[in-house]
Amino acid sequence: MSFLTLSLTLIFVLIPLILSRTLKLGLEKDTLIATIRSIIQLLAVGYVLQYVFDAEHILFILLMILLMIGAATQNARKKGASIQGITWKLFITFVFIEVLTQSILLGLHIVPPTPQYIIPISGMVIGNSMVLGILFLNRFTAEVENTQDETELILSLGGTPKQAIHTQLITAIKASTIPTIESQKTIGLVQLPGMMSGQIIAGADPVQAVQFQLLILFLLLTTAVVTSIMLGYLSYPALFNKQMQFLKFHQ
């Protein structure tokens, strides 16, 4: 695809801008900012990745992964601002997910230990983990906010913090993982995933593309469940003090 051809795709940006303007939705500014940022960021990343792929040095790979984790942490922390120490909790969660998935992939020789595989897969894993973290924190803080009286009642009756927050925690974990699980039920029927579609467009064998897509789907399933559970159990203790008293907060 040439840059001239790519410029023609801006038609797909123009359509929502016109609709937003016509219907007075007020989305024009955010749409333009998102478009400009995506162009700059992706082009910059493209050139950086080209250098990293050519160099094939472990230090550059680690720096790229660390950059992804840092950006994901910074973006997700806003949804959990009411939870003390949420920044390092998110960072630890993303690092754990990355180490877990790459250890299995590289340890079992599922993919080669090259930047062309490690970095794109890490990006998908960390990006999905970030989205799941945001979904979890958004639902969890809302659940806690709406059930503060019930939480204090359980504590007053002798319940532990874990017992007092159990329902809200499980509800948030389930709610944040549902999109991933439900999307996998209709994969291939309702939608063709991005990685698979990209490989097919590039001329890859469809069956080979399906195999790689299944790898990503299974990775994202683990990412979704582990992220929500780990972040949940790291977060809920921060809602109580040393005397096991509930610390009320407002979103």
Side-chain angles (χ1 to χ4, degrees), residues 1-50 64-83 86-87 90-91 93-94 119-120 122-146 172 175-184 186-187 190-202 213 216 220 223-224 227-228 231 249-251:
M1 181 183 290
S2 66
F3 280 102
L4 176 60
T5 306
L6 180 62
S7 66
L8 295 177
T9 63
L10 290 174
I11 294 172
F12 297 113
V13 177
L14 186 61
I15 292 172
L17 284 175
I18 293 173
L19 289 174
S20 176
R21 183 73 173 178
T22 302
L23 299 176
K24 295 181 173 57
L25 300 178
L27 299 176
E28 298 93 324
K29 182 180 178 180
D30 287 337
T31 301
L32 286 172
I33 291 174
T35 301
I36 294 171
R37 285 188 59 176
S38 63
I39 292 172
I40 295 173
Q41 290 168 184
L42 285 175
L43 286 175
V45 167
Y47 287 112
V48 170
L49 287 179
Q50 186 174 18
M64 283 296 299
I65 293 174
L66 187 60
L67 177 62
M68 294 175 188
I69 292 175
T73 301
Q74 183 63 28
N75 190 47
R77 65 184 293 271
K78 301 171 187 175
K79 289 294 182 180
S82 303
I83 301 175
I86 192 60
T87 300
L90 284 164
F91 184 81
T93 299
F94 296 152
I119 294 177
S122 295
M124 285 183 273
V125 168
I126 296 169
N128 189 69
S129 186
M130 177 192 72
V131 172
L132 266 294
I134 291 173
L135 289 175
F136 170 80
L137 290 172
N138 190 56
R139 183 60 182 268
F140 184 54
T141 52
E143 289 288 329
V144 172
E145 179 74 20
N146 294 332
S176 60
T177 56
I178 283 175
T180 300
I181 296 172
E182 290 300 319
S183 67
Q184 290 199 12
T186 57
I187 209 78
V190 177
Q191 62 173 325
L192 292 179
M195 181 179 182
M196 176 181 165
S197 299
Q199 285 188 311
I200 292 175
I201 292 172
Q213 188 60 59
I216 299 303
L220 298 187
T223 299
T227 296
S228 297
L231 189 56
F249 65 86
H250 299 281
Q251 291 179 287

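Numbers here are sequence positions counted from 1.
Closest non-hydrogen pair, Thr87 versus Thr73, comes out as O-CG2, 3.4 Å. Nearest heavy-atom pair across Pro179 and Leu135 is CG-CD1, 4.3 Å. Taking each heavy atom of Ile83 and Thr141 in turn, the nearest pair found is CD1-CG2, 4.2 Å. When all heavy atoms are compared, the tightest approach of Arg139 to Ala172 is CG-CA, 3.8 Å. Taking both residues in full, the closest heavy atoms of Ala224 and Asn128 are given as N-ND2, 4.1 Å, listed atom of the first, atom of the second, then distance. Closest approach of Met64 to Leu49, counting heavy atoms only: CE-CD2, 3.7 Å.
Taken to the nearest 0.5 Å, the OG1 atom of Thr31 stands 11.0 Å off from the CD1 atom of Ile36. One distance of note links CZ of Phe94 with CG of Leu66; it measures 13.0 Å at 0.5 Å rounding. Atoms CE and CD1, on Met68 and Ile119 in that order, are 6.0 Å from each other to the nearest 0.5 Å. To the nearest 0.5 Å, atoms CZ (Arg77) and CD1 (Ile86) are separated by 9.5 Å. In this structure, OG1 on Thr93 lies 10.5 Å from CD1 on Ile69, to the nearest 0.5 angstrom. Between the CZ atom of Arg37 and the CG atom of Asp30 there is a distance of 11.0 Å, given to the nearest 0.5 Å.
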### Task
Check the pair Leu32, Leu17 against side chain to side chain contact (heavy atoms under 4.5 Å, CB included), reporting the backbone distance first and the verdict last.
CA-CA 8 Å; Leu32 286 172; Leu17 284 175; 3.8 Å; yes
### Task
Mind running side chain to side chain contact (heavy atoms under 4.5 Å, CB included) on Leu19 and Leu27 for me, showing each step along the way?
CA-CA 9 Å; Leu19 289 174; Leu27 299 176; over 6 Å; no
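In this structure a side-chain-to-backbone donor-acceptor pair under 3.5 Å is present from Asn146 to Ala142.
Under the 4.5 Å side-chain criterion, counting only non-hydrogen atoms from C-beta, Leu231 is in contact with Leu137. Side-chain contact check for Ile126 versus Ile65: some heavy-atom pair is nearer than 4.5 Å. Within the 4.5 Å cutoff, no side-chain heavy atoms of Leu220 are placed close to those of Leu132. Side-chain contact check for Thr227 versus Phe136: every heavy-atom pair is 4.5 Å or farther apart.
Side-chain contact check for Thr177 and Ser228: no donor-acceptor pair (N or O, by modelled atom type) lies under 3.5 Å.
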